[in-house]
Amino acid sequence: MPELPEVECVRQGIVDALLGQRIVKVWSHGTGNLLDPNSLPLRRMEGCELRAVARRGKYLLWNLGDLQFLAHLGMSGVWQVAGERTKHTHLELTFSTGQCLRYTDPRQFGYMCLTTAAETLPRWEQLGPDAISAQWNAAHLFAHATRSRTPIKVFLLDQHQVAGIGNIYASEALFGAHVHPARIAQSLTQLECQHIVKAAKAVMRMSIRKRGTTFSDYRLTNGKGGSFQGFLKVFQKVGTPCPNCHAPIQQMVQVGRSTFFCAKCQK
DNA sequence: CGGGCGTCCTGTTCGC
DNA sequence: TGCGAACAGGACGCCC
């Protein structure tokens, strides 16, 4: 479940290994479910130089000069410079130095789209402000939350409101802010919005420092896992004592997704 | 237009 | 022990 911190670490891994290099060969397999119907054939990347990789929320946007490449890891997508081709490898990009960047995605929830640089990308442009950017702040959250009757946990998962927060960090952020996940967004005070933004940014920045959260699928481009799973306070910790008050952590389901929280600390 | 739910997919976990 | 059912999750699209 790569969220903002994991995608940022992948971005850094790709940039560190491959920036400025030219793609000399493209191999793809079984990309039918992953590739946008409007995408150019991925072979068109051959000959392009990787000039920059931007991230907004959970999306990566590759600057390939005349072309651009938008990619999302879904929940099991992995970009690796290390490793070998497996049965779930969907794309291999060979670079001028001989290095090979592979995309594997067993559950095929990922997304990729290659277009000309001038093309508009609705998935990218319709995203809310990136969750660790200055554009997402207490004033922004309060202004938008007051218009929504959605529970705050569900609101934070809406990428059109704020980009990058997924199931793990939504639970962790609300725990850090002492706000109950079922609270209706429009009932939040300005101070609570401030606490949520502060807690969300703190937990995601710390996760980036720990190279992300690896439960099973997520891997860095070097094939290694992150270590933030060792620092989670509530996510997937049903029944364990709350780090603050020692009451057992609880689990609830909102719109089909699990939320973890402390009923005593979060109001 | 907001909000709720079904859909895609497959590895893992659960229950009989 | 083994097998099939249920489950998980991001984002879109459909529906009211």
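A note on names: the letters A, B, ... follow the listed sequences, proteins ahead of strands, and every chain is numbered from 1. Remember, it's a predicted structure, so these values are computed and weren't measured experimentally.
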Separation of C:dG9 P from A:Asp105 CG (nearest whole Å): 16 Å

Flag for A:Gln254-A:Thr259: side-chain donor and acceptor within less than 3.5 Å: yes

Side-chain N,O (A:Asn33) to OP1/OP2 (B:dC9) below 4.0 Å: yes

Closest nucleotide among C:dA8, B:dC8, B:dG3 to the A:Ser258 side chain: C:dA8

Where A:Lys201 and A:Trp136 come nearest, the two heavy atoms and their spacing: NZ-O, 2.8 Å

A:Tyr169-A:Thr213 side chain donor-acceptor pair, cut-off 3.5 Å: yes

Residues from residues 111-133 of chain A lying under 4.0 Å of DNA chain C - heavy atoms: A:Arg123

Side-chain (A:Thr214) to main-chain (A:Tyr218) donor-acceptor, under 3.5 angstrom: yes

Axis bend over the full length of the helix from B:dG2-C:dC16 to B:dC16-C:dG2, computed from five pairs that close each end, to 10 degrees: 60°

Donor-acceptor pair between A:Gln186 and A:Ser148 side chains, under 3.5 angstrom: no

Length of the line joining A:His160:NE2 and B:dG3:P, which is rounded to integer Å: 13 Å

Nucleotide B:dC1, atom C1' - distance to CG of A:Asp158 in whole Å: 13 Å

Between A:Lys153 and A:Asn167: side-chain donor-acceptor atoms closer than 3.5 Å: yes

Ring-ring centroid check A:Phe215 A:Phe235, cutoff 6.0 Å: yes

A:Met252 side chain reached by A:Arg257 side chain, heavy atoms, under 4.5 Å: no

Out of C:dG9, B:dC9, C:dA11, whichever nucleotide has its closest atom nearest the side chain of A:His72: C:dA11

A:Leu157 CG to C:dG9 P, straight-line distance once rounded to whole Å: 10 Å

Which residue lies more 5' along DNA chain B, comparing A:Arg147 with A:Gln108 via nearest heavy atoms: A:Arg147

Distance-only polar pair, side chains of A:Gln12 and A:Glu8, donor-acceptor under 3.5 Å: yes

Touch class at under 4.0 angstrom, heavy-atom based, for A:Phe155 against every strand present: nothing

A:Ser187 and A:Arg183 side chains, donor-acceptor separation under 3.5 Å: yes

Rounded distance (Å) that lies between atom P of B:dT10 and atom CG of A:Asp217: 13 Å

Contact residues, residues 75-92 of chain A to DNA chain B [heavy atom, < 4.0 Å]: A:Lys87, A:His88

Flag for A:Glu49-A:Gln21: side-chain donor and acceptor within less than 3.5 Å: no

Listed nucleotide nearest any side-chain atom of A:Arg107, set B:dC5, C:dA8, B:dC8: C:dA8

First encountered from the 5' end of DNA chain B, between A:Pro151 and A:Arg257: A:Pro151

NZ/NE/NH1/NH2 to OD/OE distance under 4.0 Å, A:Glu46 and A:Lys25: no

Distance in angstrom units between A:Gln254 CD and C:dG9 C1', rounded: 15 Å

Phosphate-side-chain proximity, A:Ser148 and B:dG3, N/O vs OP1/OP2 below 4.0 Å: yes

Length of the line joining A:Arg149:CZ and B:dC1:P, which is rounded to integer Å: 16 Å

Phosphate contact (C:dA11 OP1 or OP2) by A:Gln159 side-chain N/O below 4.0 Å: yes

Nucleotide B:dT12, atom P - distance to CD of A:Gln236 in whole Å: 15 Å

